[in-house]
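Written out below as structure tokens is the structure these notes cover.
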Number of protein chains: 2
Amino acid sequence: MMVISGPFERHDHASCRTRALAQAEEVCGDRLTAVRRRVLEMLLESHVALGAYDVLERLRSEGHRAQPPVAYRALDFLVAQGLAHRIERLNAFIACHRPADCEAPAFLICRACNRVAETGNAPKRGALARDARALGFEIEETVIEAQGLCPTCQTP
Amino acid sequence: MMVISGPFERHDHASCRTRALAQAEEVCGDRLTAVRRRVLEMLLESHVALGAYDVLERLRSEGHRAQPPVAYRALDFLVAQGLAHRIERLNAFIACHRPADCEAPAFLICRACNRVAETGNAPKRGALARDARALGFEIEETVIEAQGLCPTCQTP
DNA sequence: TCAACCTTGTTATACTATAACATATCCCGT
DNA sequence: ACGGGATATGTTATAGTATAACAAGGTTGA
Ligand SMILES: [Zn+2]
Ligand SMILES: [Zn+2]
Ligand SMILES: [Zn+2]
Ligand SMILES: [Zn+2]
């Protein structure tokens, strides 16, 4: 599978955003309520991961008197629908910019600018899957998160 | 690389433990102080990941009047020496049972019994490394954590 | 009508992690 | 012996992340 989202390349981020939002509406219909939609829009504003409390703060700055569970619920919903991903290493969340094509995502996290690229991977064929099979371990989900420096941040 | 630690297979865990401890002493010398050694021993007691506060509680139950930084410092030291690994998904730590052979670990986490197997992987050749190279992203470290069911827990 | 389900509001609390400062020890060069 | 740097530990306080539990409204369909 190829790279499916390109924060580290020049791209038309506005269409990047509107496409993802359109796909979200298609997937969720009614269930994309106001708060959920607003949180998704926040995540889509950039390719930087947001913590739950970042989201909460933004909601509050918009006049919503929200408590932590509001942010977590919205994020949990988006993750469950495949519209967002949790980045374990950052305790934070990014929007999925290609929910329709996203099956087994892996992430490239720039430790300097905090942008996160989503790439696809083929876990069924890798060394990990082979080892798991040899042990009789049944993999249900794999977290793959690489940290490093994006092209921009390599040249200070 | 092959599977380097076998919690999901029948194995002689006592020697599993003493070997890791011997390697730790060799790597650290003096720097494996009493607390650090004790924490490593705790992690080596089983293949289940322990949270920092689990470690803290055990220290306290042994008469050590420890505060959270004591546990975190010991764990951070062990991780820095390659004697333990942090499991991001669990916010917890496991001992490395083969520190001498451990370069780019990946983990198999059983969601039922919480045991964690460490396996090696070859990130230089995988699809992720290829995508990163295509983007000019320089990977420094990769977290690979698979969740699922170990052989024992698949048959309830 | 009412029951089941989903969504949101709200309070309180649990869990995870680190900052900051104090104290002690050891090793080393003078 | 002295002083200074590096390392390790002790201690207090606080920051950051996440969820339990209960209340209340809305929709849907039997
Ligand atoms: Zn974009
Ligand atoms: Zn960057
Ligand atoms: Zn063992
Ligand atoms: Zn198991």
Side-chain angles (χ1 to χ4, degrees), chain A residues 24-25 27-40 42-43 48-60 62-81 83-94 109 111 114 116 143 145, chain B residues 24-25 27-40 42-43 48-81 83-94 109 111 114 116 143 145 147:
Chain A
E25 274 163 356
V27 168
C28 300
D30 280 358
R31 301 190 66 199
L32 192 65
T33 59
V35 187
R36 289 166 175 175
R37 188 194 161 98
R38 189 71 200 94
V39 172
L40 179 56
M42 286 174 195
L43 296 180
V48 173
L50 295 183
Y53 282 75
D54 295 328
V55 166
L56 182 57
E57 199 175 273
R58 279 169 172 72
L59 286 174
R60 284 174 166 167
E62 294 173 2
H64 192 300
R65 294 164 49 80
Q67 296 300 312
V70 171
Y72 280 101
R73 282 169 185 160
L75 290 165
D76 288 349
F77 173 83
L78 294 172
V79 169
Q81 303 304 308
L83 302 172
H85 302 293
R86 178 179 169 86
I87 307 297
E88 295 295 339
R89 232 175 128 145
L90 303 178
N91 295 326
F93 302 83
I94 61 167
I109 306 166
R111 65 170 162 79
N114 291 313
V116 178
V143 170
E145 297 175 357
Chain B
E25 274 164 355
V27 167
C28 300
D30 281 357
R31 301 192 65 200
L32 193 65
T33 59
V35 187
R36 289 167 176 175
R37 187 194 163 95
R38 190 68 201 95
V39 172
L40 180 57
M42 284 174 196
L43 296 181
V48 173
L50 295 183
Y53 282 76
D54 295 328
V55 167
L56 183 57
E57 198 175 272
R58 279 171 172 72
L59 286 174
R60 285 175 167 166
S61 78
E62 294 174 1
H64 192 301
R65 294 163 50 81
Q67 296 299 314
V70 171
Y72 281 102
R73 282 170 184 158
L75 290 165
D76 288 350
F77 172 85
L78 295 172
V79 169
Q81 304 303 309
L83 302 172
H85 302 293
R86 177 180 168 85
I87 308 298
E88 295 294 339
R89 236 179 123 140
L90 303 177
N91 295 327
F93 301 83
I94 62 166
I109 307 166
R111 66 170 161 79
N114 291 313
V116 178
V143 171
E145 297 175 358
Q147 295 232 349

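Side chains are part of it too, since the values below use all heavy atoms of this structure and drop only hydrogens, waters and symmetry mates. So that the names make sense, note that chain A is the first sequence line, chain B the second, and so on, each numbered from 1.
B:Asp30 places its CG atom 13 Å from the P atom of D:dT7, with the value rounded to the nearest Å. Counting to the nearest Å, the P atom of D:dT7 and the CG atom of B:Leu32 are 17 Å from each other. Rounded to whole angstrom, the span from the CD atom of B:Gln67 across to the P atom of D:dG10 amounts to 10 Å. Regarding A:Gln81, its CD atom lies at a distance of 13 Å from the C1' atom of C:dC6, rounded to whole Å. Nucleotide C:dT8 holds its C1' atom 15 Å from the CZ atom of A:Arg60, rounded to whole Å. Rounded to whole angstrom, the span from the CG atom of B:Leu50 across to the C1' atom of C:dT16 amounts to 15 Å. In this structure, the CG atom of A:Asp54 is 11 Å from the P atom of D:dA18, given to the nearest Å. Summarising the geometry, the separation between CD on A:Glu88 and C1' on D:dA18 is reported as 13 Å, rounded to the nearest angstrom.
A sub-4.0 Å separation between OP1 or OP2 of D:dT9 and a side-chain N or O of B:His64 is absent. Distances shorter than 4.0 Å separate none of the side-chain N or O atoms of A:Arg65 from OP1 or OP2 on C:dT10. Phosphate contact (OP1/OP2 of D:dG10, side-chain N/O of B:Arg73, threshold under 4.0 Å): absent.
A donor and an acceptor atom sit less than 3.5 Å apart, one in the side chain of B:Tyr53 and one in the base of C:dA17.
In this structure, A:Ala49 and A:Ala92 approach most closely via the heavy-atom pair CB-CB, 3.7 Å. Across every non-hydrogen atom of B:Phe93 and B:Leu43, the tightest pair is O-CD2, 3.6 Å. A:Gln81 approaches A:Cys28 most closely through the heavy-atom pair CG-SG, 4.2 Å. The minimum heavy-atom distance between B:Val35 and B:His64, with the atom names listed, is CG2-NE2, 3.9 Å.
Of the two residues contacting DNA chain C, namely B:Ala92 and A:Pro68, the nearest-nucleotide position lying further toward the 5' end is that of A:Pro68.
Listed nucleotides D:dT9, C:dT16, D:dA20 differ in distance to A:Pro69; the shortest reach to its side chain belongs to D:dA20. Counting only heavy atoms from C-beta on, A:Thr33 has its side chain closest to C:dT7 among D:dT17, C:dT7, C:dT10. The side chain of A:Asn91 has D:dA18 as its nearest neighbour among D:dA18, C:dT8, D:dT9.
Between B:Arg58 and B:Arg38, the closest side-chain pair of non-hydrogen atoms is not below 4.5 Å.
Heavy atoms of A:Arg31 sit under 4.0 angstrom from primed sugar atoms or phosphate atoms, though from no base atom.
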